[in-house]
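Note that the numbering runs from 1 along the sequence shown for the chain. Each ligand, and each atom within it, is numbered from 1 in the order the structure gives.
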Amino acid sequence: MKILILNGPNLNLLGIREKSIYGTQSFEVYFEELKQAFPGLELSYFQSNHEGALLDKLHEVGYSYQGIVLNAGAYTHTSVALSDAIKAIEAPVIEVHISNVFAREAFRHKSMLAAYCKGCISGFGLDSYRLALQYFERLKPNKIGFGAKTS
Ligand code: DQA
C-alpha cells in the first residue's frame with residue numbers, strides 16, 4: 001500500500017521553527033520512526049515550499065497511490081488550487097496539522113481543503129501523522145478481513 005506524506009511551506013523548518021508550537025524534532029528524523037512503526041506501508045515523503053510543486057506531486061501520485069497524508073501548512077487556509085487537486089485525484093487525502101489550528105488565530109480555523117479530504121487530524125503534535133497512517137494501515141485488506149488473507 002503506497003502512502004505519500006506531503007508537507008507544505010515552512011515544514012522543512014520543523015525542529016527549528018516556533019518550537020513551542022511545532023516541537024523540537026525534524027521531520028526527517030520522525031519519518032524514519034514512522035517507517036519503522038509501519039513496516040507494512042510503503043511510505044514516501046515529499047516537502048515543498050512551492051504551491052505548484054505540491055500540485056505536481058498530488059497529480060503524480062494521486063492516481064496510483066492508495067493514500068496521501070497532507071499537511072499543506074498555510075496553504076491549507078488559502079489554496080483553491082490545492083482543493084481542486086484533492087477533488088481531482090482518486091487517492092484519499094487525510095489533512096493533518098501538528099498544532100490545534102482551532103485553538104489559534106481565526107484565519108487558521110478555515111480550511112480550503114477539509115471538505116474534499118477523507119478527514120482531518122489536528123493538534124496531536126507529530127503524532128497527527130501517525131494517527132493518519134493508522135487509518136490507512138487498518139484499511140489494508142488482510143487487516144479487516146477481506147481481500148488477500150495472510151493465513
Ligand atoms: C500547520 C498549521 C498552519 O496553520 C500553519 O500555517 C503551518 C503548520 C500545523 O501543522 O499545525 O504551517 O499546518
Shortest protein heavy-atom distance from [atom], along with the residue and atom involved:
{"atom": "atom 1 (C) of ligand 1", "answer": "His97 ND1, 3.6 Å"}
{"atom": "atom 12 (O) of ligand 1", "answer": "Arg17 NH2, 3.0 Å"}
{"atom": "atom 6 (O) of ligand 1", "answer": "Arg108 NH1, 3.0 Å"}
{"atom": "atom 8 (C) of ligand 1", "answer": "Tyr22 OH, 3.4 Å"}

Open item on the list: As a quick check of understanding, evaluate side-chain contact (heavy atoms from CB on, under 4.5 Å) for Tyr30 and Arg130, giving each step before the final call.
Closed with: CA-CA 10 Å; Tyr30 184 63; Arg130 186 178 56 76; 3.5 Å; yes
Task: Heavy-atom gap Val101 to ligand 1 smaller than 4.0 Å - done: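 Yes; Val101 lies near enough to ligand 1 that a heavy-atom distance drops under 4.0 Å.
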Open item on the list: Would Thr76 count as a contact residue for ligand 1, given that I'm defining contact as a non-hydrogen atom of the residue lying under 4.0 Å from a ligand atom?
Closed with: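 In this structure, Thr76 fails to qualify as a contact of ligand 1 - no heavy atom is under 4.0 Å.
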Open item on the list: As an exercise, identify every atom of ligand 1 less than 4.0 angstrom from a heavy atom of His77.
Closed with: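 Ligand 1 atoms under the 4.0 Å threshold to His77: 3 (C), 4 (O).
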TODO: For ligand 1, indicate whether the residue Ile98 contacts it via side chain, backbone, both or neither (heavy-atom separation under 4.0 Å).
DONE: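 For Ile98, backbone and side-chain atoms both sit under 4.0 Å from ligand 1.
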- [ ] Just let me know how Asn71 lines up against ligand 1, side chain, backbone, both or neither, with a heavy-atom cut-off below 4.0 Å.
- [x]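 Within the 4.0 Å criterion, Asn71 contacts ligand 1 through side-chain atoms alone.
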May I ask you to test the [X]-[Y] pair for a side-chain heavy-atom distance under 4.5 Å?
{"X": "Tyr65", "Y": "Glu42", "result": "no"}
{"X": "Ile68", "Y": "Ile86", "result": "no"}
{"X": "Asn71", "Y": "Tyr129", "result": "yes"}

- [ ] Name the option, out of Gly123, Gly125, Ser99, Gly8, that contains the heavy atom nearest to atom 11 (O) of ligand 1.
- [x]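 It is Ser99 that holds the nearest heavy atom.
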- [ ] Anything under 30° is parallel, anything over 60° is perpendicular, the rest tilted; go ahead and classify Phe31 against Tyr45.
- [x]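 Because their plane-to-plane angle lies in the 30° to 60° range, the rings of Phe31 and Tyr45 count as tilted.
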- [ ] Spell out, yes or no, whether Ile16 and Phe27 are grouped together once hydrophobic residues are joined by side-chain heavy atoms under 4.5 Å, including indirect joins.
- [x]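 Different clusters.
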Open item on the list: Less than 3.5 Å apart, any donor N or O on the side chain of Ser111 or Glu95 sitting next to an acceptor on the other?
Closed with: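 Their side chains do contain a donor-acceptor pair, which is all the 3.5 Å distance test asks for.
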